[in-house]
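Quick notes on the structure that follows.
Chain A is the first sequence line, chain B the second, and so forth, proteins listed ahead of strands; every chain is numbered from 1.
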Amino acid sequence: MRVSELPRPNPERLLRQVQAEESKRWGARLKIFLGYAPGVGKSYRMLDEARRRHERGEDVVIGAFQGKRSDEIQALSRNLESIAPIDTPQGEVVDVEAILKRAPQVCVIDPLAAKNPGGSRNEHRWQDVQELLRNGISVLTSINLLHVEEYKEKVQAITGKDTTETIPKSFLLAADDIVIVDVPPDLCLWRQGEKLTATGISNRQERKLSELRELALLLTAEVVDAQLESYVHAHGIEPVFGTHERFLICMTPHSNALAMIESGRRNKERFQGELYAVYVCEPGQSKRDAVKIRRFLEAAEQAGATTDVLESDELITTIVEFAQEKRITQIFIGNSNHRSWQDRVFGDPVLRLIRAAEGIDVRVFPH
Amino acid sequence: MSSDELNTRGSLKVYLGYAAGVGKTFQMLADGQATVQHGTDVVVAYFEPHARADTIAQVRRLELIPHSKIEYRGKAFGEMDTDAVLKRRPAIALVDELAHTNVPGSARAKRWEDVQILLDAGIEVWTTLNVQHIESLNDQIWQITGIQVRETVPDWVVRQAAEIVAVDVTPDALLNRLKRGAVYKPEMVQKALNGFFKGSNLGALRELALRQAAHEVDLRQSAYDENSAFQLPRISETRKAGRFEGEQQTKEHILIHITAAPSTAMLIRRGRRVADYLQADCTALFVHRTEKMTDLPPAEHEAIEKHLRFARSLQIETRIIPGADVAKTVVEYAREHKITQIFVAQPPSGARQWFRGRNFAENIVRLAQDLQVTVVADRSHKPA
C-alpha cells in the first residue's frame, strides 16, 4: 500500500522552493556555518572553504569579516581580496554596491546577524545577503545559535548573553547549505582563553555550553531533514523513513487516549521526535463520543501533537496511508475490548492494523 | 569497577561522521597536532594508509607507531600493533576506523577490542567512526539505504566515550571531494556513487549522524547532572523541565521476546535503542516449550543461542524459562516483573497465513490486555 498523491504543500516548503528556484536561475548559493557559541571555529572553517575555492579558481572576495585576526585566520585570508565595509559610527555596513559592481562568484559575509544603521540600503545584513544572492553572487556566512530568533530566549537563559539582532529560523531552513561547526565545550572555552580541562563535561560552564551544542546539532538535523524532504519531492522518489522518530496516536472514543498522549509526549521529548494524533471519524458516531474526542484532541495539542480528524469508513487503510504520508515510525493504538459487528466479521482492528502497517512499529496500549 | 580503576582508565573520544571523506580523520589528526604543540605526548596508533593527500600531510607531523604485519592467505595485512602502543605508553593514542574488523590471525577480532586494551592500560584514545557502524542503527541504515552494514560497533563501546565530536560537511561538498578523487581511488568512485553516496542517502545519513551526536551529548549531560545535582536555568517551555522537576514516572522496563526467527536480531537492536532513549532497563526473554532447552531442534537451539549472545553483547540481561504456552508465559513473566513494554517482532507475512498457532506477536497482544506491547515492524524490504 503506497500513498499515491503528494502531501499538501506547506508554506515553508513553498518558500524554500521559490528561493531555491530563484537562486538556481543565477547559480548563486547560500551556505551558512552554524556554531553554538563563540570559539567553535566557524570563521576558520568558512575562510578555509573560501581559500580552497579561491585556489580551485573561483572568484572569491571578503565582504565583511569580524572576529579576531589570529595568525591562522590571517594566513587563510592572505590571498583573498577584501571589499572594505563602510565604516559608520554605529558599526560596519557591507558595501553592497561595491560588491555588486565587482560581481565576484562568491562573497564571504561574517557574521550574518547585524543590524545596519538607519539610512542604510537595507535594515538588516541578511537582506544585504539576499540582494547579493538575487544578483547571482554566492554567499558564505556564519551565525551563532544566539542570533537565531527562535533560540534567543533559550540561549539567553543559559548563558545570560543578550542580543538585539536575530535571524528568523526560516532563513536557515531556506539556505542551500548549512554546516554545523562542532567542537567539545572544553575546546571552545580553551579558545576563549580558559584552561583546558579533561575531555567530557567537567564543570558547569561546559555543562551549559553542552546544552547549546545539543540545540545546535538538533537545529542542523532539522534543516537537513527539510532539505531531504525537498529533495524527495523534487525528484518524485519515495519518502525516506527512519531518520527521525515520528509517533502517531490513533484515538477512538473507547481507547485510553490520555495514557497514549502522555506516553507520546514523553517519547517526543526523549527522541526529539514529532508527534501526531488523529481521530478517524467513522459513520454513525454518537454525540457523546464527539465530546470525548474533542477533549482528546485538545489534550493531544497541549502535549505538542499535530492533530487531525480523518473521515473514512476504512479505518485501517486510512491510518496506514496517513502514517506513510507523514513518514511515521511508530503507531500508538489502544487495545480495545469494545467490539463492533465489523470487528466480528473482519477481525480485531488492532491485529488488522499490525498486519497492514508495513515497515512501521505498532505499540498497543492497555484499555 | 572501583573508583580507583575508573580514575586510571583512559578516556575515549569519538569523531563521528556520516560517510567516508567527511573529514573525521583529518579533524582528529589536526586536533592531535594542536595537542602535541601544547606538550602532550600523542602518537598515531593506527592510520589508514590509503588516505587523502592533505590527511597524509597532517599525519607526517605526528609520531606513527608502525603497523604489525599479519599474514593471511599469502598476503600481508597491516593492523594496529597494540603491544607496541602499550610498550610506547603515550598519553593519547589516535586510532583510525573504530569499526574495522581485524584480519584473521590477529590477537582480537575487532579493532574496538584492541581499543579496550589501550583504555584499560590508562591510555586516552581518540578514534573515528561513521554513524552506519553503530549497531543499534543497523536496521535503520538498511531501511534508508538498502545497504546491510556488516562491520558494527556495539552501542556500549560508543557510550564509554567521554566525548563525541560531530564532523559535518554538506553532501555537495562531499560529492565534490569524491569526484575529485579525494576520497576513494578512481575505480572505487563509481561503486560509492551507487551505494551510500546515491541520491538522498547522504542527506539521510547526515541527519542520523547529527541526531545521534545530539543524543550522545544529551546522555553525557544527564550523567553530569546526576553526579553534580546541576540545575539548568529555567527556560519557558523547556523540554527538559521534567528531568529537573524530578520526573515522577516509574522507570520503564522493556522486555524483548527472543525467538529463533531471523527478525529477532532487529528486534533486539530496536529494543536496545528505545531502552537507551527512554533510559529504561532492558531484558531479553526466551521461553522454551520443551522441558530442557537442549531438547530443541539443533537449528532452533543454535539460532536462539546466537540471539542470546547478541543480546548480551549489547549489554541486555537475558532470561531463559520453560513454558508450554509461550505467549502466556511471556505475558505472565512481564506481569510478575513489572515490565512496562513487551517488544515482539512482527512475523513475516507468509508465516502469518500458515502458522497462526505460532504467531507469538498476535497471541501476546491478545493476552496482554493490561500491558503495552510494541510490535516491531520488519524493515528488511529494499527501498525503491
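No donor-acceptor distance shorter than 3.5 angstrom exists from the side chain of B:Y277 to the backbone of A:Q272, with no hydrogens or angles considered.
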Exercise for the section: Give the intermediate values and the outcome of salt bridge (charged side-chain N to carboxylate O under 4.0 Å, His left out) for residues B:E252 and A:R270. Expected result: CA-CA 13 Å; B:E252 290 232 29; A:R270 286 296 169 92; over 6 Å; no
Handout entry: Stepwise side chain to side chain contact (heavy atoms under 4.5 Å, CB included) check, B:L278 with A:N267
Key = CA-CA 8 Å; B:L278 298 178; A:N267 276 271; 3.8 Å; yes
Exercise for the section: Would you please test A:R327 and B:E207 for salt bridge (charged side-chain N to carboxylate O under 4.0 Å, His left out) and show each step? Expected result: CA-CA 15 Å; A:R327 299 191 282 159; B:E207 187 184 344; 5.5 Å; no
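With a threshold of 4.5 angstrom between heavy atoms, B:V274 approaches chain A through its backbone and through its side chain. The contact between A:L228 and chain B is made entirely by side chain atoms (from C-beta outward), counting heavy-atom distances below 4.5 Å. Of the two parts of B:L371, only the backbone, made up of N, CA, C and O, holds a non-hydrogen atom closer than 4.5 Å to a non-hydrogen atom of chain A. Interface residue A:F271: backbone and side-chain heavy atoms are both found under 4.5 Å from chain B. In this structure, no portion of A:K268 lies under 4.5 Å from any heavy atom of chain B. Contact of A:R56 with chain B is made through the side chain alone, with heavy-atom distances under 4.5 Å. Contacts of B:A209 with chain A are absent, with no heavy-atom separation under 4.5 Å from either backbone or side chain. Neither the backbone nor the side chain of B:N227 comes within contact range of chain A, judged by heavy atoms closer than 4.5 Å. Neither the backbone nor the side chain of B:I141 comes within less than 4.5 Å of any heavy atom in chain A.
Ranked by heavy-atom pairs under 4.5 Å with chain B, the list A:Q156, A:E245, A:Q330 is led by A:E245. Across B:A223, B:S200, B:G203, B:A34, the residue that shares the most heavy-atom pairs under 4.5 angstrom with chain A is B:S200. With chain A as the partner, the residue from B:R180, B:H215, B:E124 showing the most heavy-atom pairs under 4.5 Å is B:R180.
At a heavy-atom cut-off of under 4.5 Å, chain A is reached by B:S11, B:K13 from residues 11-19 of chain B, listed in order of number.
The existence of a salt bridge linking A:R355 and B:E362 is confirmed by a sub-4.0 Å separation between a basic side-chain nitrogen and an acidic carboxylate oxygen.
For the residue pair B:S228 and A:R204, the shortest heavy atom distance occurs at O-NH2, 3.7 Å. Closest of all the heavy-atom pairs between B:D31 and A:L187 is OD2-CD2, 4.4 Å. Considering all non-hydrogen atoms of both residues, B:A214 and A:E214 come closest at O-CG, 3.7 Å. What you find for B:Q346 and A:A357 is that their closest heavy atoms are NE2-O, 4.1 Å. What you find for A:T220 and B:R206 is that their closest heavy atoms are CG2-NH2, 4.3 Å. Across all their heavy atoms, A:R213 and B:A166 have their closest contact at NH2-N, 4.4 Å.
Side-chain contact between B:Q372 and A:P366: present, with at least one pair of heavy atoms (C-beta onward) separated by less than 4.5 Å. Residues A:L351 and B:V365 meet the side-chain proximity criterion, which asks for heavy atoms closer than 4.5 Å. In this structure, the side chains of B:Q140 and A:T329 stay at 4.5 Å or more apart for every pair of heavy atoms. In this structure, A:V183 and B:V165 have side chains that are not in contact, with every pair of non-hydrogen atoms separated by 4.5 Å or more.
With respect to B:L210, the side chain to side chain contact (heavy atoms under 4.5 Å, CB included) criterion is satisfied by exactly one of A:L217, A:L218, A:D225: A:L217.
In this view, B:E216 and B:R159, B:R220 satisfy the salt bridge (charged side-chain N to carboxylate O under 4.0 Å, His left out) rule, not counting sequence neighbours. Taking the ring-ring contact (aromatic ring centres under 6.0 Å, His included) definition, one finds that A:F33 meets it with nothing, sequence neighbours left out. Residues that satisfy the salt bridge (charged side-chain N to carboxylate O under 4.0 Å, His left out) test with B:E226, not counting sequence neighbours, are absent from this structure.
To the nearest 0.5 Å, the span separating CG on B:D378 from CG on A:D361 amounts to 10.5 Å. Summarising the geometry, atom CG belonging to B:N176 is positioned 10.5 Å from atom CZ belonging to A:R52; distances are rounded to the nearest 0.5 Å. Interatomic distance, OG of A:S202 versus CD of B:E163, reported as 9.5 Å (0.5 Å rounding). Note that CG of A:D176 is 9.0 Å distant from CG of B:D172, once rounded to the nearest 0.5 Å.
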